[in-house]
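The structure appears right after this line, and notes come after that.
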Amino acid sequence: MPKRIFFDQLRDHLDEQVTIKGWLYAKRSSGKLIFLQIRDGVGIVQCVVFKPEVTAEIFSLADSCAQESSLSVTGLVREHQRHKGEYEIGVLDLTVLHRPVHDYPISPKEHGVDFLMDNRHLWLRSLRQHAILKIRAEISKAIRDYFDNHGFTLIDAPILTPNACEGTSTLFETDYHDKKAYLTQSGQLYMEAAAAAFGKVYCFGPTFRAEKSKTRRHLAEFWMVEPEVSFIDLEQDIDLAEDFIVAIVSRVLEKRKSELEFLERDLSYLERVQKPFPRIRYGQAIQILEQAGQPTEYGQDLGGDDETIVSNHFDRPVVVTHYPIEQKAFYFKRDSADESLALNMDILAPEGYGEIVGGGQREDDLARLSRSIDQHHLPEDAFAWYLDLRRYGSFPHAGFGLGLERTVCWICGLKHVRETSPFPRMLTRLTP
RNA sequence: UCCGGAAUAGCUCAGCAGGUAGAGCGGUCGGCUGUUAACCGAUUGGUCGCAGGUUCGAGUCCUGCUUCCGGAGCCA
């Protein structure tokens, strides 16, 4: 039997006999011809069974295969008769490795979201999900490559934590040898410790939010990358985030263009993602909202609609800085020019995709940080180790967090983050 | 938690003013030598989400519940 090859190797085996293994994606037949669309995890190839070219047994075997049967096919690689540059296989031999015990639930026609999510383990086999998750994998790799190539050290943050990192969101509670523990919602505080040890660090892993959020932008479990850099200020933090986002987008455009095109993504939006990003202050965002006839009171946080209006004013991601300090988490440093403002920044993705980055400069003064913990009604003893970072060689530092799924959602141009995760965990879904 | 919407065949849906349930797809059988969500013919398929109520009669009207969807708040 000829060597088994994958579909991206077909061009190297033109006019040769090969064996491929995969699953039957679709079948069309026409009397003496059967077209088997077979997926092998890499791609899809058309296998043509022509009655005069195979035994009667092979022909009826091909005719009897149901969707998602696993198959081994041996045949001749040739150019597709209708589509130049594509390859097909003229079948000579066929083995059915497994026949589905029931009809495959996902037909080529339309399905509802709930049904598809119930069948997420099978839905992953579809071309659309394949394209999205290939892009997700590319973005994950681009994230690692960017930081690894810029002098950062990967420091894995713990998943199980004793207390809230930020104290605002609800946490998933679990039992830890008769004590309470919580699933992390951010690795940031640990990254601050690591930044003092390694200078430039990042963590990249799953985080958890138990909020009762039920929107297109929320998951209960999502991946976040959080760089933290010693001796930089807010401006340099924004420079980093900007350079980083441009790098990710250009990598996907370079490596996953065919997937983006399959998803019918308008690439011009992504090609416009170049430095510099517009930078506005929270106060200016409020003005934009007023002019747009969507007045938001100064001091209020920007809602989802507000973010969309603001981001629609620009053709690329927009950086919004200097929010009122009361709105932000306890660890942000105040602006020395106006103590009511935080040295923070959010980056809003274009086209209404909302906040993909949140970050800023951290409070590095022991007394001020201690007071802030107090003002936020947080237990100071839980943050004793964190305050130590301000006791022993305190240093200005800044960082940010970027949500992987929201970034994938934006780059792919999807309507909902649930398709960006292989097995999304949401308010109403823990399975499969 | 709040506001809005939905639940009918395996899937996606239709079912008007209450009168005993329908299409497409899928499955099955048959036809076709180039199909691309193939096509053509036949066929299979239902506790109308659950529990009450109104009525001679409820998929349809009313009440409660459940589940899901969209959004708000919160956030990445």
Side-chain angles (χ1 to χ4, degrees), chain A residues 25-37 44-53 59 63-64 66-68 78 80-83 86 88 90 100 102-119 122-123 126-128 165-171 184-188 204 206-226 241 300-308 327-329 346-349 353-359 400-410 415-418 420-421 426-429:
Chain A
Y25 191 73
K27 182 177 73 180
R28 286 176 285 273
S29 68
S30 156
K32 298 194 171 72
L33 269 173
I34 300 170
F35 300 96
L36 304 172
Q37 306 285 337
I44 288 205
V45 77
Q46 171 165 285
C47 298
V48 185
V49 188
F50 188 34
K51 203 164 191 173
E53 289 176 357
F59 190 81
D63 198 38
S64 73
Q67 189 184 359
E68 291 300 321
R78 62 193 186 209
H80 196 294
Q81 274 191 18
R82 292 275 180 89
H83 302 295
E86 279 182 35
E88 65 176 25
H102 294 295
D103 295 334
Y104 189 66
I106 302 177
S107 70
K109 284 270 181 172
E110 288 170 18
H111 297 284
V113 177
D114 201 39
F115 174 80
L116 289 169
M117 275 300 168
D118 281 342
N119 290 285
L122 303 176
W123 190 20
S126 75
L127 291 178
R128 177 182 164 82
C165 286
E166 304 189 16
T168 50
S169 309
T170 15
L171 294 156
T184 183
Q185 54 183 341
S186 167
Q188 183 205 314
F204 186 26
T207 53
F208 307 87
R209 303 281 164 96
E211 299 149 2
K212 306 261 187 228
S213 296
K214 227 172 77 170
T215 78
R216 70 184 73 213
R217 293 203 281 266
H218 288 88
L219 294 172
E221 176 181 321
F222 65 96
W223 279 58
M224 187 156 63
V225 57
E226 294 174 280
Q300 292 291 305
D301 204 357
L302 303 181
D305 290 345
D306 298 334
E307 289 180 354
T308 302
Q327 275 181 27
K328 305 312 281 185
D346 285 351
I347 299 183
L348 308 180
Y353 280 95
E355 188 181 341
I356 52 169
V357 162
F400 62 84
L402 173 132
L404 176 64
E405 286 78 3
R406 283 190 185 175
T407 304
V408 175
C409 192
W410 161 53
K415 290 193 183 112
H416 200 298
V417 286
R418 65 187 155 214
T420 67
S421 173
M426 294 174 289
L427 186 59
T428 59
R429 181 167 294 282

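Fair warning: this is a prediction, and the values are worked out from it, not measured in the lab. Throughout, protein chains are lettered first and strands after them, A, B, ... in sequence-line order, and every chain is numbered starting at 1. The figures here come from the full heavy-atom set of this structure, side chains too, leaving out hydrogens, waters and symmetry mates.
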Can you tell me how far apart CZ (F222(A)) and OG1 (T207(A)) are? Round to the nearest 0.5 Å. 3.5 Å

Donor-acceptor pair, K27(A) side chain versus D63(A) backbone, under 3.5 Å? yes

Counting a pair only when it is Watson-Crick or G-U and both distances are under 3.5 Å, which runs of at least 3 such pairs involve RNA chain B? B:1-7 with B:66-72, B:10-13 with B:22-25, B:26-31 with B:39-44, B:49-53 with B:61-65

Under a 3.5 Å distance rule, please check whether E86(A) uses its side chain to pair with a backbone N or O of H80(A) as donor and acceptor. no

If you assign F115(A) and G401(A) each to the RNA chain B nucleotide with the nearest heavy atom, which residue ends up on the more 5' nucleotide? F115(A)

Could you check whether Q81(A) gets within reach of a base, just the sugar-phosphate, or nothing at all, counting any heavy atom under 4.0 Å? base

Check every strand shown and say whether Q46(A) touches a base, only sugar-phosphate, or nothing at a heavy-atom separation below 4.0 Å. base

Quantified in whole Å, what is the P atom distance between nucleotide U60(B) and nucleotide A9(B)? 15 Å

Between C75(B) (C1') and L402(A) (CG): distance, integer Å: 14 Å

What is the distance, to the nearest angstrom, from the CG atom on L171(A) to the P atom on A76(B)? 13 Å

Identified side-chain contact (heavy atoms from CB on, under 4.5 Å) partner of W223(A) from the options T407(A), L404(A), V408(A): L404(A)

Say you pick atom P in C65(B) and the same atom in C3(B); how far apart are they, in whole Å? 12 Å

Using the C1' atoms only, state how far G49(B) lies from U43(B), rounded to an integer number of Å. 30 Å

Work out which heavy atom in P105(A) is nearest to a heavy atom in H111(A); give both atom names and the distance. O-CE1, 3.8 Å

With rounding to the closest Å, how many angstrom separate the C1' atoms on A58(B) and C50(B)? 16 Å

Have a look at F50(A) and say if it touches a base, only the backbone sugar-phosphate, or nothing, with a 4.0 Å heavy-atom cut-off. base

Starting at the 5' end of RNA chain B, which residue's closest nucleotide do you reach first, R28(A) or D103(A)? D103(A)

For F222(A) and A76(B), say yes or no: do the ring centres fall under 5.5 Å of each other while the ring planes differ by less than 30°? yes

Rounded to whole Å, please give me the gap between NE2 in H111(A) and P in U12(B). 7 Å

Roughly, in whole Å, what's the span from CD in E226(A) to P in A76(B)? 9 Å

Give me, pair by pair, the N or O atoms of the protein and of nucleotides 65-73 of chain B that are less than 3.5 Å apart, along with how far apart they are.
unit_1: C68(B); atom_1: OP1; unit_2: T428(A); atom_2: O; d: 3.3
unit_1: C69(B); atom_1: OP2; unit_2: T428(A); atom_2: OG1; d: 3.1
unit_1: C69(B); atom_1: N4; unit_2: K214(A); atom_2: NZ; d: 3.4
unit_1: G70(B); atom_1: OP1; unit_2: R418(A); atom_2: NH1; d: 2.8
unit_1: G70(B); atom_1: OP1; unit_2: R418(A); atom_2: NH2; d: 2.8
unit_1: G71(B); atom_1: OP1; unit_2: R216(A); atom_2: NE; d: 2.2
unit_1: G71(B); atom_1: OP1; unit_2: R216(A); atom_2: NH2; d: 2.0
unit_1: G71(B); atom_1: OP2; unit_2: R216(A); atom_2: N; d: 3.3
unit_1: G73(B); atom_1: O6; unit_2: K214(A); atom_2: N; d: 3.3
unit_1: G73(B); atom_1: N1; unit_2: K212(A); atom_2: O; d: 3.0

Rounded distance (Å) that lies between atom P of A76(B) and atom CG of L219(A): 14 Å

Check for a donor-acceptor pair, side chain of Q188(A) on one end and backbone N or O of F400(A) on the other, with a separation under 3.5 Å. no

In whole angstrom, what separates E86(A)'s CD from G34(B)'s C1'? 14 Å

